[in-house]
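For reference, the structure discussed in these notes is given below.
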Amino acid sequence: MSVPIRMSNYFLRTLREDPSDAEVTSHRLLVRAGYIRRQAPGIFAWLPLGLKVKAKIETIIREEMAAAGAFEVHFPALLPREPYEITGRWDEYGDGLFRLQDRKGSDLLLAPTHEEVFTLMVKDLYNSYKDLPLSIFQIQDKYRDEARSRGGLLRGREFTMKDAYSFDYTDAGLDASYQAQRDAYERIFTRLGLEYVVVQADAGAMGGSKSEEFLHPTAVGEDTFVRSAGGYAANVEAFRTLVPAAIDFAGFPAAAVHDTPDTPTIQTLVHSANASQPRPDGRPWAAADTLKNVVLALVQPDGSREIVVIGLPGDREVDLKRVEVAFAPAEVEAANDGDFAKLAKVPGRPALVKGYIGPWSADGAMLGETSATGIRFLVDPRVVDGTEWITGANEHGRHVFGLVAGRDFVADGTVEAAEVRAGDPAPDGSGPVELARGMEIGHVFQLGRKYAESLGLKVLDENGKLVTVTMGSYGIGVTRALAVIAELNNDAKGLIWPKALAPFDVHVIATGRDEIVFETSEAVTALVEASGRDVLYDDRRKVSPGVKFGDAELIGIPTIVIVGRGAAEGIVELWDRRSGERTQVAVTELAAHFA
RNA sequence: CGGGGCGUAGCUCAGCUUGGUAGAGCGCUCGGUUUGGGACCGAGAGGUCGCAGGUUCGAAUCCUGUCGCCCCGACCA
């Protein structure tokens with residue numbers, strides 16, 4: 001049985017005022033209530049109260065990992081360079097990696113994630129398909145030198161993560177291991193009281209095939225995702241445009257070039273078109289009738305720079321995050337004057353006319369790898385064959401009208417570059433999507449054979465043949481989840497923990513100075529402890545009731561017992577932190593309440 | 001990396017415009033009075049005003065540089 005903690009000597013100091021460096025609610029309250037203290041930007045120390053909550057979250061995770069058949073291990077945070085050198089991540093992680101050297105000058109790193117060493121450990125110990133499937137996990141601190149940490153625990157440079165890895169030798173096995181982890185995640189987040197949306201995620205630089213994120217919908221979230229009433233959900237970066245059917249353009253009128261002076265922007269172009277070239281059927285031209293050609297520069301990891309033009313409906317902006325994903329690992333920048341100048345100087349290539357760029361000219365194709373310019377030209381998936389566009393004629397002050405895709409120009413391919421908007425149709429036909437903000441609290445990932453291949457993890461299969469193992473990787477941000485839970489469970493007075501996660505089950509407050517109050521409090525504390533609950537007992541003499549009430553509300557233990565003016569009659573008060581409801585209870589009946 | 005804000009006591013801040021020997025509230029220590037919503041009285045401890053240089057008889061205050069922190073954006077399995 002545990003021993004009740006007495007506040008008179010507990011390692012705890014609450015702050016009367018909000019810390020000046022905290023703005024996000026969870027950060028503010030966790031610091032103020034004495035759960036954490038900042039050490040450096042994005043790096044926090046854990047005080048007893050904070051550790052207790054963190055441990056409760058970890059216990060839930062451990063129970064569900066065990067239920068999913070995963071075994072717990074523990075790797076160091078400090079690791080040698082070599083495994084990360086082999087997989088290329090020593091370089092790929094760039095500035096995001098904390099690197100250091102030992103006295104001999106050997107390179108080490110503080111692990112941002114542990115795929116490499118888990119893979120090597122399995123390689124070390126296992127050789128046969130009979131050993132698989134295997135799922136192992138750890139709860140360990142991760143280190144990422146974020147360009148900007150924010151929101152206290154929401155994005156730190158040191159944070160606690162549960163990372164699990166699965167090992168199979170067949171694709172079907174990976175599917176099953178992945179599903180087992182995914183199911184465990186659903187149970188974990190449900191037990192944590194965290195609402196979540198499972199969204200399709202971009203596989204990105206991890207190089208895997210299937211990936212889903214668990215996002216908690218919240219305004220403080222950093223991800224934008226879409227969802228439809230019909231059940232589709234995806235991170236905007238993974239959203240795929242519903243491609244409309246091609247249109248039969250036989251009999252469409254020929255494209256025609258018109259003077260459109262002073263129309264470098266879509267807005268001015270639409271205005272000019274309506275004024276001087278009204279549509280035959282009388283409908284006004286809209287931005288969506290124009291094809292906007294955006295010039296971007298792709299910077300490859302080796303530093304080389306390529307110009308690419310993206311054609312998209314004029315009413316859509318380019319979403320830089322989506323473009324980054326589309327062109328990964330290259331970085332994407334808006335083309336600068338230098339890029340344009342270079343284009344103009346290449347002999348034999350017509351210069352693009354800024355503001356009047358288009359895929360077509362009277363002299364032939366202007367965009368595309370087989371065109372006069374040789375510039376790569378990708379279009380939005382909505383630009384299907386038979387769609388008609390107003391777009392730049394590659395002459396200053398002139399645009400071409402009725403330019404038909406598939407007849408007058410052909411792109412090198414399509415690209416998911418355009419912004420996603422509320423009301424866009426979901427790709428699976430489940431209806432229009434809405435946009436929402438979410439915080440990533442979990443990520444499940446089919447890595448495939450990428451790591452096993454580069455690190456040489458193979459086993460002998462039933463036929464005695466060496467096969468490369470296929471892997472999954474599964475993460476939960478433990479400290480981030482704690483912050484999100486705090487973000488969700490509070491009021492103007494302080495934190496309000498769910499019963500399953502509170503640092504203590506019951507907070508006993510002695511108010512008043514009569515000895516009977518303290519005697520009764522001791523008895524109540526013992527009684528509640530005897531029921532198997534942890535008690536935080538505010539036994540401070542000389543501290544006024546107002547301070548104790550305020551601290552209790554700030555700390556946020558769900559059930560508070562006030563021992564005070566009714567003590568002499570054997571009456572105490574039960575105070576529910578969440579509802580604020582207070583009820584008088586005789587001490588003799590208290591045991592029944594905590595049965 | 002770009003934009004904005006801020007560095008003065010353990011915490012939250014004032015003082016800076018207009019230079020003149022460092023302030024408040026809370027917290028902390030001691031004594032006393034108080035005890036159901038952040039009490040009161042008295043006595044204390046606690047600060048190289050982020051750092052460096054400059055101007056000046058004199059700098060928290062003015063000037064230059066520098067370091068750091070927070071927020072927004074970029075970035076970020």
Side-chain angles (χ1 to χ4, degrees), chain A residues 13-24 27-28 31-32 34 37-43 87 89 92-97 111-116 142 144-152 154-157 159 161 163 165 201-208 210-213 220 222-223 235 237-238 320-321 324-325 328-329 331-334 440 442-447 450-451 471-477 493-494 509-514 517-518 538 540-554 560 562-567 571-573 575 580 582 584:
Chain A
R13 181 105 318 153
T14 58
L15 303 179
R16 189 162 187 148
E17 288 164 281
D18 286 334
S20 62
D21 61 355
E23 291 207 355
V24 173
H27 183 196
R28 216 183 72 230
V31 172
R32 229 185 108 191
R37 297 291 293 174
R38 196 191 76 99
Q39 299 301 295
I43 301 175
T87 58
R89 293 209 293 183
E92 279 169 20
Y93 248 99
D95 291 336
L97 198 60
T113 173
H114 282 76
E115 277 79 6
E116 281 81 353
K142 298 286 184 272
R144 296 181 192 175
D145 192 3
E146 298 286 348
R148 185 160 95 82
S149 49
R150 62 172 285 274
L154 287 175
R155 173 172 293 282
R157 296 193 296 168
F159 59 97
M161 187 182 201
D163 47 324
Y165 304 85
D202 166 58
M206 295 292 286
K210 185 174 183 184
S211 166
E212 291 171 292
E213 287 171 345
V220 299
E222 302 179 311
D223 290 280
N235 194 306
E237 290 157 32
L320 270 180
K321 282 193 171 181
E324 291 269 6
V325 166
E331 300 207 356
V332 182
E333 297 173 8
E440 181 183 351
H443 199 158
V444 289
F445 217 109
Q446 292 198 359
L447 291 173
K450 174 180 169 180
Y451 289 89
M471 295 169 52
S473 136
Y474 317 92
I476 290 178
K493 299 280 185 62
I509 299 177
T511 71
R513 55 175 186 162
D514 296 337
V517 166
F518 291 91
D538 194 344
R540 294 175 293 177
R541 311 248 171 178
K542 302 207 170 190
V543 173
S544 70
V547 171
K548 293 184 177 180
F549 292 154
D551 277 347
E553 286 168 313
L554 186 57
I560 301 159
I562 307 170
V563 181
R565 55 191 170 200
I571 304 290
V572 298
E573 219 168 336
W575 183 14
R582 297 191 191 190
Q584 307 261 333

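So you know, we letter chains A, B, ... as the sequences are listed, proteins then strands, and number each from 1.
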Next item on the list: Taking Arg144(A) for its side chain and Pro112(A) for its backbone only, find out whether a donor-acceptor pair lies under 3.5 Å.
Entry: yes

Notebook entry, point to check: Would you find a donor on one side and an acceptor on the other, under 3.5 Å apart, between the side chain of Lys548(A) and the backbone of Arg540(A)?
Noted result: yes

Check: Between Arg144(A) and rC76(B), is there a side-chain N or O to OP1/OP2 distance below 4.0 Å?
Finding: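 No.
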
With a non-hydrogen cut-off below 4.0 angstrom, is [X] in contact with a base, only sugar-phosphate, or nothing?
{"X": "Glu553(A)", "answer": "base"}
{"X": "Arg38(A)", "answer": "sugar-phosphate"}
{"X": "Gly96(A)", "answer": "nothing"}
{"X": "Lys142(A)", "answer": "nothing"}
{"X": "Pro112(A)", "answer": "nothing"}
{"X": "Ile562(A)", "answer": "base"}
{"X": "Arg155(A)", "answer": "base"}
{"X": "Glu324(A)", "answer": "sugar-phosphate"}
{"X": "Asp514(A)", "answer": "nothing"}
{"X": "Gly151(A)", "answer": "sugar-phosphate"}

From [atom1] of [X] over to [atom2] of [N], roughly how many Å is that when rounded to an integer?
{"X": "Arg540(A)", "N": "rG36(B)", "atom1": "CZ", "atom2": "P", "answer": "16 Å"}
{"X": "Leu97(A)", "N": "rC75(B)", "atom1": "CG", "atom2": "P", "answer": "20 Å"}
{"X": "Arg13(A)", "N": "rC11(B)", "atom1": "CZ", "atom2": "P", "answer": "13 Å"}
{"X": "Phe159(A)", "N": "rA77(B)", "atom1": "CZ", "atom2": "P", "answer": "11 Å"}
{"X": "Arg148(A)", "N": "rC72(B)", "atom1": "CZ", "atom2": "P", "answer": "4 Å"}
{"X": "Glu146(A)", "N": "rC71(B)", "atom1": "CD", "atom2": "P", "answer": "13 Å"}
{"X": "Glu92(A)", "N": "rC76(B)", "atom1": "CD", "atom2": "P", "answer": "13 Å"}
{"X": "His443(A)", "N": "rA77(B)", "atom1": "NE2", "atom2": "P", "answer": "11 Å"}

Check: Has the side chain of Ser544(A) got a donor or acceptor atom sitting under 3.5 Å from an opposite partner on the base of rA39(B)?
Finding: no

Note to self: Does Arg150(A) contact rC70(B) through a side-chain donor or acceptor facing the base, at a distance under 3.5 Å?
What the structure shows: no

Note to self: Rounded at 0.5 Å granularity, tell me how far NZ in Lys210(A) sits from CD in Glu212(A).
What the structure shows: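 If I round to the nearest 0.5 Å, the distance is 5.0 Å.
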
Next item on the list: Enter the distance from Ser473(A):OG to His114(A):NE2 here, rounded to the nearest 0.5 Å.
Entry: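 If I round to the nearest 0.5 Å, the distance is 12.0 Å.
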
By nearest atom, which of the nucleotides [options] is closest to the [X] side chain?
{"X": "Ala147(A)", "options": "rC69(B), rU35(B), rC75(B)", "answer": "rC75(B)"}
{"X": "Ser20(A)", "options": "rG36(B), rU12(B), rC75(B)", "answer": "rU12(B)"}
{"X": "Lys321(A)", "options": "rC76(B), rA77(B), rU12(B)", "answer": "rC76(B)"}

Check: When the nearest nucleotide of RNA chain B is assigned to Arg37(A) and to Pro545(A) on a heavy-atom basis, which residue is associated with the more 5' position?
Finding: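 On the 5' side of the pair lies Arg37(A).
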
Notebook entry, point to check: Closer to the 5' end of RNA chain B via nearest nucleotide, is it Gly512(A) or Gly475(A)?
Noted result: Gly512(A)

Considering only the [atom1] atoms, how many Å lie between [N] and [M], rounded to the nearest integer?
{"N": "rA9(B)", "M": "rU64(B)", "atom1": "C1'", "result": "29 Å"}
{"N": "rA60(B)", "M": "rG19(B)", "atom1": "P", "result": "13 Å"}
{"N": "rC13(B)", "M": "rA52(B)", "atom1": "C1'", "result": "27 Å"}
{"N": "rA14(B)", "M": "rG7(B)", "atom1": "P", "result": "7 Å"}
{"N": "rG4(B)", "M": "rC11(B)", "atom1": "C1'", "result": "25 Å"}
{"N": "rG10(B)", "M": "rG5(B)", "atom1": "P", "result": "27 Å"}
{"N": "rC6(B)", "M": "rA22(B)", "atom1": "P", "result": "24 Å"}
{"N": "rG27(B)", "M": "rC40(B)", "atom1": "P", "result": "9 Å"}

Margin query: Take a 6.0 Å sphere around CG of Asp18(A) and say whether it holds more than 12 heavy atoms from other residues, nucleotides or ligands.
Written below: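 Yes - once you tally the heavy atoms of other residues, nucleotides and ligands closer than 6.0 Å, there are more than 12.
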
Pair assignment for [N], Watson-Crick or G-U wobble, requiring both distances under 3.5 Å:
{"N": "rG2(B)", "answer": "rC72(B)"}
{"N": "rU12(B)", "answer": "rA24(B)"}
{"N": "rU66(B)", "answer": "rG50(B)"}
{"N": "rU29(B)", "answer": "rA43(B)"}
{"N": "rU56(B)", "answer": "none"}

Note to self: With side-chain contact (heavy atoms from CB on, under 4.5 Å) as the test, pick out the partner of Arg38(A) among Ile43(A), Asp21(A), Val31(A).
What the structure shows: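 Per the side-chain contact (heavy atoms from CB on, under 4.5 Å) rule, the option paired with Arg38(A) is Asp21(A), out of Ile43(A), Asp21(A), Val31(A).
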
Item checked: With Leu320(A) via side chain to side chain contact (heavy atoms under 4.5 Å, CB included) - residues at least two apart -> Val332(A)

Note to self: List the residues meeting side chain to side chain contact (heavy atoms under 4.5 Å, CB included) with Asp145(A), not counting sequence neighbours, and say none if there are none.
What the structure shows: Phe98(A), Arg157(A)

Check: What pair of heavy atoms forms the shortest contact from Val517(A) to Thr511(A), and how long is it?
Finding: CG1-O, 3.2 Å

Check: Of all heavy-atom pairs between His443(A) and Ala201(A), which one has the smallest distance, and what is that distance?
Finding: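 Minimum heavy-atom contact is NE2-CB, 3.9 Å.
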
N/O-N/O pairs, protein side and nucleotides 22-25 of chain B side, under 3.5 Å:
from    : atom 1 : to       : atom 2 : distance (Å)
rG25(B) : N2     : Glu17(A) : OE1    : 3.4

Note to self: For a salt bridge (charged side-chain N to carboxylate O under 4.0 Å, His left out) check, start with the C-alpha distance between Arg150(A) and Glu222(A), then their side-chain angles and the critical distance, and finish with the verdict.
What the structure shows: CA-CA 10 Å; Arg150(A) 62 172 285 274; Glu222(A) 302 179 311; 2.9 Å; yes

